[in-house]
Colleague: 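Here it is: the structure, laid out below.
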Amino acid sequence: GWFRRLLHKSKPSSVESSCSSSFLPSSSSAESSGSSHSTTVAGSIYLAPVLDINSLGSARWAKTYDVCICHSEVDLELVEELVSYLESQPQSFRCFLQPRDATPGSAVVTELCDAVQNSHCWVMLITPGFLRDPWCKYQMHQALAEAPLANGRTIPVLKDVDRKDYPMELRNLYYIHMALKENCFRQIRDTVVRYLQELCRSSASRVE
């Protein structure tokens, strides 16, 4: 009854309506405990809005891709697994995979820059092959130049690389360590979801 009364007190704006959903990342503590995100403020209960990243009104569609995977050619098989995992999720993530999505005949520099600029998030798969590949470093620098403060857009993933070899340019960012592939994939998914949800929330507040 209290929830129905709360809904009748104020009607959400059209943008908020288009972004609202019951979606929560599957790895969140709220789902495991069966509770929703709530905070008690001045004796009343405030339910934090949960945003639908598939909403047509979402700022998500301002870019061509949700995720750009920056990787070495020697790690292509692992990256294809990650892309297959993300694209099969309920959110239907749109991933840029260079061998599949790059335009034949285009300059490598142009394709790498376009992939960064047209993606919301960038996954840096840092492996020994990544550290040896100058094109990987170029794309990493392009991503950092695009969003210097990161805010969840740049997602470093370490595999078979010692902490001491972690690129200096990324030292201010937390990274995901790929010890168990399935857990790593879920962490990447949840990080992208959080960023896109925040993007939708920010877009809704600007419209208001």
Side-chain angles (χ1 to χ4, degrees), residues 25 27 53 60 62-89 91-196 198-199:
S27 63
I53 64 173
R60 175 187 182 187
K63 292 186 180 292
T64 308
Y65 302 101
D66 298 311
V67 188
C68 173
I69 316 292
C70 179
H71 64 93
S72 169
E73 289 185 7
V74 297
D75 301 311
L76 180 59
E77 184 176 347
L78 175 61
V79 171
E80 288 177 336
E81 287 185 58
L82 172 59
V83 168
S84 177
Y85 172 83
L86 292 174
E87 293 183 341
S88 66
Q89 294 300 298
Q91 298 82 15
S92 300
F93 293 109
R94 300 162 301 154
C95 300
F96 176 84
L97 182 62
Q98 187 177 339
R100 179 190 68 186
D101 300 316
T103 304
S106 292
V108 175
V109 171
T110 301
E111 288 296 313
L112 295 182
C113 289
D114 286 348
V116 168
Q117 293 172 357
N118 292 317
S119 300
H120 287 295
C121 298
W122 313 295
V123 172
M124 303 289 161
L125 182 58
I126 302 170
T127 65
F130 180 102
L131 297 176
R132 293 191 299 265
D133 191 332
W135 288 117
C136 288
K137 293 185 178 180
Y138 177 82
Q139 197 168 24
M140 176 182 70
H141 290 145
Q142 289 299 312
L144 292 174
E146 186 79 12
L149 299 180
N151 295 325
R153 295 189 69 181
T154 302
I155 308 170
V157 178
L158 264 65
K159 182 179 185 297
D160 301 329
V161 171
D162 292 334
R163 178 67 178 82
K164 63 181 178 61
D165 296 322
Y166 184 45
M168 290 295 297
E169 299 92 330
L170 301 175
R171 290 291 173 94
N172 65 319
L173 302 178
Y174 286 110
Y175 60 83
I176 298 172
H177 182 66
M178 189 178 284
L180 187 60
K181 183 169 60 178
E182 290 76 10
N183 288 344
C184 175
F185 284 8
R186 282 195 294 271
Q187 283 183 279
I188 294 171
R189 176 200 64 192
D190 292 348
T191 303
V192 175
V193 166
R194 281 194 296 271
Y195 175 78
L196 293 177
E198 186 58 37
L199 183 69

Colleague: Nearest 0.5 angstrom please: L112 CG to Q117 CD, how far?
Modeller: 11.0 Å
Colleague: How would you list, by chain and number, every residue that makes a ring-ring contact (aromatic ring centres under 6.0 Å, His included) with F96, sequence neighbours excluded?
Modeller: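 Listed in chain order: Y65.
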Colleague: For the CD1 atom of I188 and the CZ atom of F93, what is their distance to the nearest 0.5 Å?
Modeller: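 Those atoms lie 11.0 Å apart.
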Colleague: Does R153 use its side chain to pair, donor to acceptor, with the backbone of W122 at less than 3.5 Å?
Modeller: no
Colleague: Quick one: pull up CG in L78 and SG in C184 and give me the separation to the nearest 0.5 Å.
Modeller: 8.0 Å
Colleague: Rounded to the nearest 0.5 Å, how far apart are CZ of R186 and NZ of K181?
Modeller: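 Spacing of CZ (R186) from NZ (K181) equals 12.5 Å.
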Colleague: To the nearest 0.5 angstrom, please state how far the NE2 atom of H71 sits from the CD atom of E77.
Modeller: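 It is 12.5 Å, given to the nearest 0.5 Å.
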Colleague: Show me the side-chain donor-acceptor pairs of residues 156-168 shorter than 3.5 Å, one per line, residues at least two apart or across chains.
Modeller:
| from | atom 1 | to | atom 2 | distance (Å) |
| --- | --- | --- | --- | --- |
| Y166 | OH | L170 | O | 3.0 |
| Y166 | OH | L173 | O | 3.1 |

Colleague: One pair to check against side chain to side chain contact (heavy atoms under 4.5 Å, CB included): F185 and E81. What are the steps and the verdict?
Modeller: CA-CA 9 Å; F185 284 8; E81 287 185 58; 4.2 Å; yes
Colleague: Should Y195 and L199 count as side-chain neighbours, where that means a heavy-atom distance under 4.5 Å?
Modeller: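 Side chain of Y195 against side chain of L199, heavy atoms only: contact under 4.5 Å found.
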Colleague: Residues in side-chain contact (heavy atoms from CB on, under 4.5 Å) with S84, at least two apart?
Modeller: none
Colleague: With side chain to side chain contact (heavy atoms under 4.5 Å, CB included) as the test, would you mind laying out the steps for V108 and E111 before giving the verdict?
Modeller: CA-CA 5 Å; V108 175; E111 288 296 313; 5.8 Å; no
Colleague: Is there a side-chain contact between V67 and V83 in this structure, where contact means two heavy atoms from C-beta onward sitting under 4.5 Å apart?
Modeller: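 No, their side chains stay 4.5 Å or more apart.
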Colleague: Report the residue from T127, N183, L125, I126 that forms a side chain to side chain contact (heavy atoms under 4.5 Å, CB included) with M178.
Modeller: L125
Colleague: When the side chains of residues 130-145 are checked against the rest of the protein, which donor-acceptor pairs come out under 3.5 Å, sequence neighbours left out?
Modeller:
| from | atom 1 | to | atom 2 | distance (Å) |
| --- | --- | --- | --- | --- |
| D133 | OD1 | W135 | N | 2.9 |
| K137 | NZ | L131 | O | 3.3 |
| H141 | ND1 | K137 | O | 3.2 |
| H141 | NE2 | E169 | OE2 | 2.9 |

Colleague: Name all pairs fulfilling the salt bridge (Lys or Arg N to Asp or Glu O under 4.0 Å) condition that reach into residues 91-107, sequence neighbours left out, sorted by first residue then second.
Modeller: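 Sorted pair list: D66-R94, E87-R100.
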Colleague: By side chain to side chain donor-acceptor pair (under 3.5 Å), which residues pair with E80, not counting sequence neighbours?
Modeller: none
Colleague: State, to 0.1 Å, how close N118 and K63 come at their nearest heavy-atom pair, and which atoms those are.
Modeller: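 Shortest heavy-atom separation between N118 and K63 comes out as O-CB, 3.5 Å.
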Colleague: Does a side-chain heavy-atom distance below 4.5 Å link I176 with V123?
Modeller: no
Colleague: Should we say atom CD of E73 is surrounded by more than 12 heavy atoms from elsewhere, each under 6.0 Å from it?
Modeller: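 No, the 6.0 Å shell around CD holds no more than 12 heavy atoms from other groups.
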Colleague: Out of curiosity, C95 SG to Y85 OH, how far, rounded to the nearest 0.5 Å?
Modeller: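 If I round to the nearest 0.5 Å, the distance is 11.5 Å.
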